[in-house]
Amino acid sequence: MPVSAADLTTEELTAFIEARLVVSGFDLAKLPTTFDPATGVPTRESLLASLRAFVLATPAALNTWRPPAGYGPARDRDRYAQQVAPPLEYPSIVEAWTGKVGR
Amino acid sequence: MVTTVNRRTFLVASAGAGAVALTGLPGEASAASSPATGLSRKAMAAAVRRIKVPLVTVRPEAVADLTEATLAEAATLVRRGTCTAVELVQAHLDRTDRFDGVYQAYNARTQDAALAAARAVDRGRRTGPLAGIPLTIKDNFFTRGVPTTANSTIFADFVPGYDATAYARLDAAGGVMVGKGQMGPLATTRATRPNGEVTTVNAWTPQNPEVDPGGSSTGPATSVAGRLACSSIGTQTGGSIILPANRQNLTGLKPTMGRVSLHGVVPLTYTRDHVGPLARDVLDAAVMLQVLAGADPADPRTQGLPAPTDYITAALPVRRGGRTRLRRRTRIGVPAGYLDGFTGDEARLQRAFLAELDAIPGAVLVDVGYPDDWDLLTGTFNAVRLPERTEPFLPVLQQDPTAFGVSLTSWVQGLFLSGDEWITGQRAKHHLLREVLDSVLGRCDVLLQTSVVPFDILGLPEIGFPVGFAAATATRPETPVGAVLGGAPYEEGRLLEVVAAYQDVTDWHLRRPADPVRPDASLRTRAAARPVLTADEVARTSA
């Protein structure tokens, strides 16, 4: 059974988030502890709560997905999946640059 | 608060920008061009001036009140000498003076410069297909010498030294900017102040600021719907052209990625930002796109693409034997469960819309299904856009996160997707594109959309247009209802053809909202309190 963010305690999740913020140079202490209507910016606690929900739901949905290879036996699925759907930042433009549209 | 940029300020700021350019400081621009475009702007200007807007039959309402005119009608009136460009622009400025206190469609106005440009049109010194046409420019487009804030504290004191290419093309075509359109802070939500307090209202429900006007191109939409400008441009990353068009009875067109330059637009998500018009009808949208579209040396995404086609002709209705028909046979895909996404009166309107579309000769409705992984790849995978908004703003996040105000959360969320997850997202885009082009669009030429997100992810074109009005309910006044069609890459012309035929057999697009009631202390009428969005709401609904 693979490990999951859902296995983390709230304290562990919060520690991870706070550490990641520090690594990125983001100072949580610059946010207010109580709501500031002048800026509308989230408080430290509300931002942390929002980030905990995000971390629990989103990365795992992305990092467990692989494009279907459509080829080979199930045991080789991930190996063949490496060969399909190379990353495209601008997929519609690539359609034009590869001559598939506008002809 | 609306900033009025008077002519003196405008000229001083412009002179300042020019002076900076003369010093040759790295990264600064000449007054005439952006750093990377140079002389190519002369060629661009020559090209846009060759675009011809057809003379159209002008409705009596538009002759009686110039603010009623479509762009094509207004261009016809000016070219025929029925009105001057100054009269056309002044009519819109006067209306803005009367009603923008309620609408709050602008966060900067450029009245003096607009009138100066209109006078130049009347003297024959400013020409082009948009000569004298009053336009609203969303406030995330660089406009030389005019503050460009993206409605964010982060850009509060920013006065660009050059024009965004998209605005430069409109300017070269003779268009007249009458103001910078209010927007969601940094293009995230409906227009609010940076602290979340709602500013711009839906022009159809000005007394009820709770009704969503669509965002983030809210100000451009409200200005056109409220007849403060003939047309406008906005940007779309997650529906920000299409949704305000649908909610305010306009025709909005989000072109294919690369069709219109993004150079000089404040970025929200590099791979998903698009520029397009919010217009009164399909012909106006086509004229605007014709001017906007083209390669830009400053934006590699615009290069090496199929040349723009004749959008204006595509947007003209075709009639044979007195009956409207599609310019060419077009299969219109209707996703399984399309009508399930609507309730009550909206469902009735969508059914009527499908029936009207089906009755147009040349239109063939076909049922299509979505791939099995559609919900995942267009749902949770939508988050893949977030690191792209974080990266260009990281210095601000590090220095003063409060500057993001109510919009902060999604910028911080971007820190929590790893590089490998972002790459997986780009692979998913590729996979999704093949599913859409080879499977879904293999069975149809255009596709009705149940969400704006999928074609934003893929950079495919979409057009939003009105299909009726949902009756008032106990909690909501009568509001416009729209539909969205998507197409294959660089097939904007096909979308325009379909909507041209539909608008030729319907009149929803000709309807205009009533004038708002202005707050008047002597009559004890008060403006309704504007709601305030929370940070969580903004994160949940962010483009």
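Chain letters run A, B, ... following the sequence lines, proteins first and then strands; every chain starts at 1.
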Original post:
Using a cut-off of under 4.5 Å for heavy-atom pairs, which of B:T380, B:V538, B:T390 has the most such pairs with chain A?
Top reply: B:T380
Original post:
Given a strict heavy-atom distance threshold of 4.5 Å, which part of A:L28 is in contact with chain B: side chain, backbone, both, or neither?
Top reply: neither
**OP:** Measure B:L376 against the heavy atoms of chain A and call it side chain, backbone, both or neither at under 4.5 Å.
**Re:** side chain
**OP:** Assess the side chains of B:T149 and B:N151: does a donor N or O sit below 3.5 Å from an acceptor N or O?
**Re:** no
Original post:
Between B:A428, B:A307, B:G196, B:A383, which has the largest tally of heavy atom pairs under 4.5 Å with chain A?
Top reply: B:A428
Original post:
Do A:T39 and A:D36 have side-chain N/O donor and acceptor atoms under 3.5 Å apart?
Top reply: yes
Original post:
At a heavy-atom separation under 4.5 Å, does A:A38 approach chain B through its side chain, its backbone, both, or neither?
Top reply: backbone
Original post:
Is there a donor-acceptor contact under 3.5 Å linking the side chains of B:H430 and B:Q426?
Top reply: no
Original post:
With respect to chain A, which residue among B:E197, B:R272, B:M257, B:Q399 yields the maximal number of heavy-atom pairs within a distance under 4.5 Å?
Top reply: B:M257
**OP:** Determine the option with the most heavy-atom pairs under 4.5 angstrom with chain B, choosing from A:P37, A:S50, A:A49, A:P59.
**Re:** A:P59
Original post:
Are B:D456 and B:K254 within salt-bridge range, i.e. N to O under 4.0 Å?
Top reply: yes
Original post:
Have B:S542 and B:R389 got a donor and an acceptor in their side chains that come within less than 3.5 Å?
Top reply: yes
Original post:
chain B heavy atoms under 4.5 Å from A:I93: which part of the residue, side chain, backbone, both or neither?
Top reply: both
Original post:
If you count heavy-atom pairs under 4.5 Å with chain A, which of B:P401, B:A403, B:P194 comes out on top?
Top reply: B:P401
Original post:
Under 3.5 Å, is there a donor-acceptor pair linking the side chains of B:D273 and B:T237?
Top reply: yes
**OP:** Using non-hydrogen atoms and a 4.5 Å limit, figure out which bit of A:A81 sits close to chain B: side chain, backbone, both or neither.
**Re:** backbone
Subject >> chain A interface, residue from B:T402, B:T271, B:T424 that has the most non-hydrogen pairs under 4.5 Å >> reply: B:T271
Subject >> Heavy-atom pairs under 4.5 Å with chain B, option from A:F35, A:W97, A:W65 with the top count >> reply: A:W65
**OP:** Could you tell me whether A:K30 and A:D27 make a salt bridge, using a distance below 4.0 angstrom between a side-chain N and a carboxylate O?
**Re:** no
**OP:** Name the option with the most non-hydrogen atom pairs under 4.5 Å to chain B; the candidates are A:P68, A:P67, A:P86, A:A61.
**Re:** A:P86
Subject >> Max heavy-atom pair count under 4.5 Å with chain A, selected residue of B:G258, B:G304, B:A539 >> reply: B:G304
Subject >> chain B contact via A:E95 - side chain, backbone, both or neither, heavy atoms under 4.5 Å >> reply: side chain
Subject >> Contacting moiety of B:P185, where chain A heavy atoms sit under 4.5 Å >> reply: neither
Original post:
Do the side-chain N and O atoms of B:Y490 and B:R259 include a donor-acceptor pair separated by under 3.5 angstrom?
Top reply: no
Original post:
Are A:R52 and A:E12 within salt-bridge range, i.e. N to O under 4.0 Å?
Top reply: no
Original post:
Side chain of B:E388, backbone of B:T269: donor and acceptor closer than 3.5 Å?
Top reply: no
**OP:** Measure B:L433 against the heavy atoms of chain A and call it side chain, backbone, both or neither at under 4.5 Å.
**Re:** side chain
**OP:** Measure distances from B:L437 to the heavy atoms of chain A and classify the residue's part below 4.5 Å as side chain, backbone, both or neither.
**Re:** side chain
Original post:
Going by the angle between their ring planes, with limits at 30° and 60°, are B:F404 and B:W411 parallel, tilted or perpendicular?
Top reply: tilted
